[in-house]
2 protein chains.
Amino acid sequence: MTRVSIKNIADRLGVSSATVSLVLNGKGEKLRISKEVAEKVRKIADELNYRPNMAARSLRTGKTRTLGLIVADISNPFFAKLARYIENIAGEKGYQVMFGSSDESAEKFGRLLDLFIEKNVDGIIMAPPQNSEAVVKGLMTEKIPFVQIDRGIEGVPISSVQINNELASYALTGYLIEQGCRKIAFVAYNMGLPNISKRCTGYRKALRDYGIEVNDSLVRSASYERFEEGINDAIDELLDVGIDSIVFATNRVGIQSLIHLKERKKMTGLQFVSIDYTDEYALSDIPITCIEQPIGELGERALNILFRYIDDPSYNVIEQVILQAKICK
Amino acid sequence: MTRVSIKNIADRLGVSSATVSLVLNGKGEKLRISKEVAEKVRKIADELNYRPNMAARSLRTGKTRTLGLIVADISNPFFAKLARYIENIAGEKGYQVMFGSSDESAEKFGRLLDLFIEKNVDGIIMAPPQNSEAVVKGLMTEKIPFVQIDRGIEGVPISSVQINNELASYALTGYLIEQGCRKIAFVAYNMGLPNISKRCTGYRKALRDYGIEVNDSLVRSASYERFEEGINDAIDELLDVGIDSIVFATNRVGIQSLIHLKERKKMTGLQFVSIDYTDEYALSDIPITCIEQPIGELGERALNILFRYIDDPSYNVIEQVILQAKICK
DNA sequence: CTGAAAGCGCTTACAG
DNA sequence: CTGAAAGCGCTTACAG
């Protein structure tokens with residue numbers, strides 16, 4: 001049983017497929033198709049359970065009503081929540097979302113980009129990994145609109161939506177200092193990512209501004225690929241060096257660090273702050289001060305920009321949005 | 001600058017577009033296109049940065065190399081992880097994934113299904129919500145293959161992959177009883193979902209088998225729509241009734257319950273078990289015994305079945321897979 | 001070894 | 001008010 005097409009409906013009614021198409025696309029009124037014909041078309045389309053074939057429509061119109069979303073890892077709660085917001089907003093406009101996880105690999109990222117382009121997505125939201133400058137710049141020569149989220153390639157005019165990473169980290173570090181901490185560690189992953197590196201800058205700046213010397217051995221980073229071991233090693237080494245507090249660059253970093261500290265029974269006497277808030281922190285007995293990212297607003301802003309590009313191909317203003325993220329206790 | 005097509009390449013080389021298509025699809029050898037021509041085609045395709053237009057290919061072949069995934073909520077860690085496994089396995093076979101969240105609403109679920117069908121996805125993985133029997137049965141008349149995951153419409157022959165929900169719950173409840181608990185509560189959401197209802201059955205059965213009377217006032221359920229309030233109310237009421245332990249039907253239920261209990265400072269003296277393991281539990285100070293779902297295997301099994309349907313349209317065996325999930329401490 | 005042609009299902013200017 | 005026709009970019013049997 002093959003799917004019913006516009007032509008099937010047209011044949012059944014003895015009208016042309018153009019008529020059917022116009023009616024079904026709500027352009028019947030404007031192009032003065034008679035009410036009776038329109039009614040018959042709609043009725044039979046309904047009866048036959050007609051579903052438009054988007055491949056055909058896309059081929060004709062060049063539009064797919066599909067967006068591509070490339071994150072580092074869809075199973076990371078931050079990106080999962082972001083995906084959900086994006087799905088909702090896109091859905092309201094009649095768009096579906098295709099997703100892909102880059103695992104912070106520029107190669108994988110590039111492959112996903114190619115696939116999404118081949119599938120003619122109307123626009124792309126992406127968190128570009130390290131070393132993806134060339135790939136992203138290449139994308140600029142395609143006609144497909146895109147917006148960066150959570151991070152942005154440095155020094156390149158591409159729209160992006162992110163939080164004020166430096167200030168977030170600065171505020172958290174300052175908070176620790178005011179609590180009396182002096183041996184403050186900074187734990188992160190993939191330090192080359194622009195957002196992470198800014199978080200590190202904010203940490204360093206806060207120390208300097210408060211007259212505390214920056215000790216590079218207190219700045220640790222795991223790699224994405226060997227994440228758990230990397231974090232565990234970092235924590236072990238920091239404990240050896242001697243610290244009184246830690247700034248976690250992301251929730252994933254914080255959770256793994258706390259899990260390891262708990263296993264080693266070394267939670268006491270340390271203070272923690274973290275960028276990102278998660279339920280894990282709420283349930284943990286260690287008080288931890290967080291910067292909660294406005295994930296909904298990140299998604300909304302990014303999609304607003306993207307849809308503006310999509311809806312008006314002549315619109316070429318670059319918007320780099322930086323949201324302020326505040327400490328929540 | 002419009003995208004380069006097969007025809008552009010053909011014109012450039014003075015060959016037919018058929019030749020180009022064959023070469024680019026690796027069928028040049030078999031259909032004996034000369035090595036020289038093939039080489040030239042590949043070279044120029046590369047130079048011009050040719051990208052196939054999938055809309056055109058799909059229209060012709062009827063295939064999109066895209067799968068649809070419908071979960072309850074992509075931001076729920078269980079589904080987010082599932083999505084990641086599905087993405088990986090699909091990706092290896094050259095498929096992309098489009099996702100949608102039903103919010104446990106049959107209407108929304110039906111709409112997502114329609115959209116995915118119109119977009120010609122090659123197959124669908126789905127966690128059907130309550131009251132979606134009619135919609136799912138309707139899908140059976142379409143030619144598009146699909147597999148249920150995490151749950152399955154009861155009494156209908158459709159492939160599904162899920163854990164042994166009843167046994168999981170039975171084991172957890174039995175564990176509590178053996179620890180000496182007698183006033184054991186069961187907290188869930190949307191009790192009408194087949195997987196949740198089975199978890200409840202397992203709980204009841206364990207109590208009976210151990211000779212403990214089932215007290216219906218200890219069985220509580222929140223709705224998906226008013227989740228937090230529902231759980232909080234359930235916990236409050238249970239505390240009033242008096243309990244010594246709780247079986248959490250899912251991690252989301254468990255986390256919200258624990259957050260509320262913690263706020264009310266009522267953690268002590270209670271024992272907890274939960275279906276699903278999460279980092280939240282690991283970091284919480286309350287010992288909690290879990291059934292960890294084999295999410296990777298769920299995804300892998302579901303995709304294996306789905307791809308078998310996709311790759312061989314004549315294959316029509318229905319597979320209902322039930323994985324055993326064991327207690328992990 | 002390669003080309004000409006049909007056709008997938010739609011949309012849209014054009015003609016009447 | 002409606003139809004005939006072209007064309008989006010591909011693939012694939014067919015012919016030579």
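Throughout, protein chains are lettered first and strands after them, A, B, ... in sequence-line order, and every chain is numbered starting at 1. Keep in mind that this is a model prediction, so the values were computed, not measured.
Atom CG of A:L22 is separated from atom C1' of C:dC10 by 12 Å (rounded to the nearest Å). Note: CZ (B:R3) to P (D:dC8) measures 14 Å, nearest angstrom. At whole-Å resolution of the value, CG in B:N53 and P in D:dC10 are 6 Å apart. Look at CZ on A:R57: it is 17 Å from C1' on D:dG7, rounded to the nearest Å. Between the C1' atom of D:dC10 and the CZ atom of B:R65 lies a distance of 16 Å, rounded to the nearest Å. In this structure, B:K63 places its NZ atom 16 Å from C1' of D:dT12, rounding to the nearest Å. Put simply, CD on B:E39 is 15 Å from P on C:dC1, counting in whole angstrom units. Rounded to an integer number of Å, the gap from NZ of B:K7 to P of C:dA4 is 11 Å.
Both distances falling under 3.5 Å, in either a Watson-Crick or a G-U wobble arrangement, place D:dC1 opposite C:dG16.
Remark: side-chain polar atoms of A:S21 are not paired, donor with acceptor, to backbone N or O of A:S17 under 3.5 angstrom.
Here D:dC10 is the nucleotide among D:dC10, D:dT2, D:dG3 with the atom lying nearest to any side-chain atom of B:Y50. Comparing atom distances between the B:V37 side chain and each of C:dT12, C:dT2, D:dC10 picks out C:dT2 as nearest. Side chain of B:T61, nearest nucleotide from C:dA4, D:dT2, D:dT11: D:dT11. Of all nucleotides listed (C:dT2, C:dC10, D:dA4), D:dA4 comes nearest to the side chain of A:A18.
Remark: A:N195 pairs with A:D150 by the side-chain hydrogen bond (donor to acceptor under 3.5 Å, both in side chains) rule, at least two apart or across chains.
Judged by closest nucleotide on DNA chain D, B:L59 is the one of B:L59 and B:T19 placed further toward the 5' end.
Within 6.0 Å of the NZ atom in B:K108, the count of heavy atoms belonging to other residues, nucleotides or ligands exceeds 12.
When the side-chain nitrogen and oxygen atoms of A:N25 are compared with OP1 and OP2 of C:dT11, one or more of them lie within a distance under 4.0 Å. Phosphate proximity of C:dT11 to A:S21: present, with a side-chain N or O under 4.0 Å from OP1 or OP2. Between A:S5 and C:dG9 there is no side-chain polar atom (N or O) within less than 4.0 angstrom of OP1 or OP2.
Look at A:K7 and A:D11 and you find a salt bridge, because one of the NZ, NE, NH1 or NH2 atoms lies within 4.0 Å of a carboxylate O, short of that distance.
Between A:S101 and B:R84, the closest side-chain pair of non-hydrogen atoms falls below 4.5 Å.
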